[in-house]
Amino acid sequence: MARVSRKGKSAEVAMPKTIRIYKTAIYIRLSVEDIRKKISDSIGTQKTMLLEFLYTQHDLELFDIYEDVNYTGTNFNRPGFARLIEDIQAQRVNCVIVKDLSRFGRNFRETGNYLERVFPFLQIRFISVSENFDSLTASLDESGLSIPLKNLTNEVIARDISRKVQSGKKVKQQRGEFCGAFAPYGYIKVGGAFIVDDEAAAIVRKIFAYILEGLSDSAIAQKLNELKITPPNRYRFEKSIFKAKKHEESKFWYKSTVKRLSENPAYTGTMVSGKFQSNFLHSGGIIAKNKDEWIITENAHPAIIPHETFEAVQLIRSKRKKNCNKRNAWRENIFKGYIFCGDCNGHMTRKKRKEKFVYLCNIYQEVDKSSCTPKAITEADLHTALFTYVNREINLTVDVSRIIENLQKLDSYKHTKNAQDKQIKGLQGKLVQNRRFRGSLREDLKDGILSEQDYSTMKAGYDEERESLQQELDVLIAKESKQKNTFSLENKWIKEFKRFETEQQLSAQMLATIIKRINVYNNARIEVILHYRDEYEALKE
């Protein structure tokens with residue numbers, strides 16, 4: 001093993017006998033724009049860099065790694081960041097490390113508020129590795145001038161990118177060019193224009209004709225399925241327009257597909273653009289624009305449906321909508337998105353039957369009767385059964401809390417935890433030592449102590465050792481994190497379940513927090529899949 005060079009030793013400073021250990025969070029972010037540009041700040045690159053830095057600092061102890069992938073830095077509405085703030089408020093974290101300030105955020109005002117007000121008030125140490133900034137050691141000049149300027153630069157860059165993208169897009173839209181990725185079903189996109197796809201256009205004309213004949217969206221979808229007509233997404237996959245393999249599994253026409261096609265003015269040759277705008281700089285995501293701001297270009301491409309036919313179909317749709325609203329008194333559907341057919345995996349649709357709301361298999365009722373079997377359950381029965389089930393789980397959670405309290409008092413549990421902590425610190429120490437030895441090899445090569453061949457051989461050995469140590473450490477940290485989430489009274493699933501201990505009926509909030517999915521089978525038999533089931537099973541083990 002290579003020696004540590006004498007230069008390195010003479011530069012070492014004796015560590016104080018007692019130092020404060022910071023419970024450290026590593027925060028990593030990658031935006032959609034970063035991925036498109038294929039920049040080097042990948043999640044793996046950031047993680048490796050920050051872990052290597054952390055393991056060289058004697059006063060930093062890793063608590064957890066927080067990631068936000070495909071999230072813009074121009075706002076803080078990010079799940080990983082929200083979890084980080086939650087742990088900071090719970091005093092589980094008192095130090096945050098990022099690769100650079102742009103990974104933390106690109107909004108000048110909000111980023112500055114966190115770094116100059118929130119974190120100092122909560123006594124949170126903040127480290128930006130690339131900028132060599134550490135709030136613990138930064139002078140007043142550094143924290144008062146350099147960081148705000150860096151934040152402002154990041155926001156200016158973000159604004160500039162957003163402005164250029166949006167202005168370029170608007171110019172194309174005003175010329176009648178299409179700026180989306182794919183043309184509507186019935187057309188093929190060539191550059192920024194549409195040409196008619198005769199095969200698909202024939203189906204579009206058939207759908208409009210069926211509506212004029214008086215058929216409902218559900219009846220049209222069933223008719224197209226009976227005729228074995230390939231649905232739009234699968235059709236475009238087979239024509240190599242869509243590349244994602246998931247579209248190969250698209251089997252059916254749905255009433256929602258029929259509705260969407262029959263309401264699209266593109267089939268009259270009209271290009272409607274600018275209905276939505278990427279809200280890149282503020283809240284993120286997509287914002288809808290007012291109708292008077294839309295860019296409408298008549299005769300932008302060949303029409304498939306005459307204007308008169310399109311308007312007649314819209315009039316029919318409008319009358320149907322009014323009649324439907326009169327028939328069905330509105331009532332919140334708290335099970336929407338949660339309830340599925342246990343046989344075909346399709347959504348269960350809520351219908352009003354004889355003054356009662358009933359859930360029916362959507363595939364059987366409205367798509368293809370040969371693909372499933374009839375099944376139904378009333379909303380009232382579903383409420384009763386689920387509230388009874390959830391109540392039982394909540395009572396069980398109270399018992400689990402007692403089990404955890406007793407578990408934490410056991411000497412065997414404490415011994416196992418201490419042994420694991422010691423093992424993690426030991427591996428962290430070995431990684432630091434490995435880094436020092438690898439660094440000393442270059443000195444030994446310069447001093448002539450090692451030949452080029454010996455240097456290459458020993459460096460390869462240290463690199464292999466580092467990779468092995470890092471993998472072992474990652475496994476232990478993941479295991480420790482899972483145990484923290486399971487064997488703690490702060491366990492999220494316990495806290496969430498106990499929130500509803502006094503509830504008298506099933507609510508939308510209770511459903512969203514506790515229940516992941518409801519499967520319905522024949523004879524109104526239901527299967528409930530809960531959130532946090534993995535944690536509960538781990539605790540039982």
Side-chain angles (χ1 to χ4, degrees), residues 32-33 36 161-212 217 220 224 229-244 247 250 253-281 285-318 321:
V32 177
E33 197 64 30
R36 284 178 188 154
I161 292 169
S162 178
R163 191 184 70 251
K164 286 177 180 175
V165 169
Q166 290 178 4
S167 63
K169 194 173 179 181
K170 190 170 183 179
V171 169
K172 288 183 177 181
Q173 290 171 342
Q174 287 171 339
R175 291 202 300 255
E177 293 183 35
F178 181 65
C179 296
F182 303 104
Y185 174 75
Y187 289 103
I188 298 170
K189 181 187 172 190
V190 178
F194 296 161
I195 62 171
V196 175
D197 176 352
D198 292 330
E199 186 180 349
I203 307 303
V204 173
R205 294 188 188 100
K206 194 183 288 286
I207 288 170
F208 276 83
Y210 283 149
I211 295 173
L212 292 175
D217 294 344
I220 293 170
L224 293 172
I229 293 172
T230 307
N233 286 355
R234 181 161 182 167
Y235 175 82
R236 287 184 278 192
F237 177 82
E238 290 173 355
K239 295 286 185 180
S240 299
I241 298 169
F242 285 176
K243 305 295 184 186
H247 297 303
S250 181
W253 284 83
Y254 295 94
K255 69 174 185 178
S256 57
T257 312
V258 173
K259 178 180 181 294
R260 186 169 61 251
L261 292 181
S262 64
E263 291 179 344
N264 191 346
Y267 294 119
T268 65
T270 302
M271 182 75 77
V272 180
S273 307
K275 294 170 73 174
F276 302 95
Q277 180 179 331
S278 299
N279 193 14
F280 182 64
L281 277 170
I286 303 295
I287 52 173
K289 296 176 73 175
N290 294 328
K291 198 168 183 177
D292 56 4
E293 296 179 280
W294 294 359
I295 299 170
I296 301 174
T297 308
E298 300 283 350
N299 303 315
H301 50 263
I304 294 174
I305 301 297
H307 276 279
E308 299 77 14
T309 302
F310 184 81
E311 292 303 327
V313 165
Q314 303 321 302
L315 186 61
I316 291 170
R317 300 200 65 82
S318 177
K321 188 175 181 181

Below 4.5 Å, heavy atoms only, C-beta onward: do [X] and [Y] meet side chain to side chain?
X	Y	answer
I203	T230	no
D217	R317	yes
P232	T257	yes
L261	Y267	yes
Y187	I304	yes

Quick one: [atom1] on [X] to [atom2] on [Y], what's the gap to the nearest 0.5 Å?
X	Y	atom1	atom2	value
E311	H307	CD	NE2	8.0 Å
I211	L315	CD1	CG	12.5 Å
E238	S250	CD	OG	9.5 Å

Kindly determine whether I207 and W253 satisfy side-chain contact (heavy atoms from CB on, under 4.5 Å), including the steps that lead there. CA-CA 11 Å; I207 288 170; W253 284 83; 3.7 Å; yes
In I220, V258, V313, the residue satisfying side chain to side chain contact (heavy atoms under 4.5 Å, CB included) with Y210 is I220
Search all heavy atoms of [X] against all heavy atoms of [Y] and return the closest pair with its distance.
X	Y	value
A266	P184	CB-CG, 4.0 Å
A183	K189	CB-N, 3.7 Å
P302	V196	CB-CG2, 3.8 Å
I305	F310	CG2-N, 3.9 Å

Note to self: In this structure, is the centre-to-centre distance between the rings of F194 and H301 below 6.0 Å?
What the structure shows: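 Centroid distance H301-F194: below 6.0 Å, so yes.
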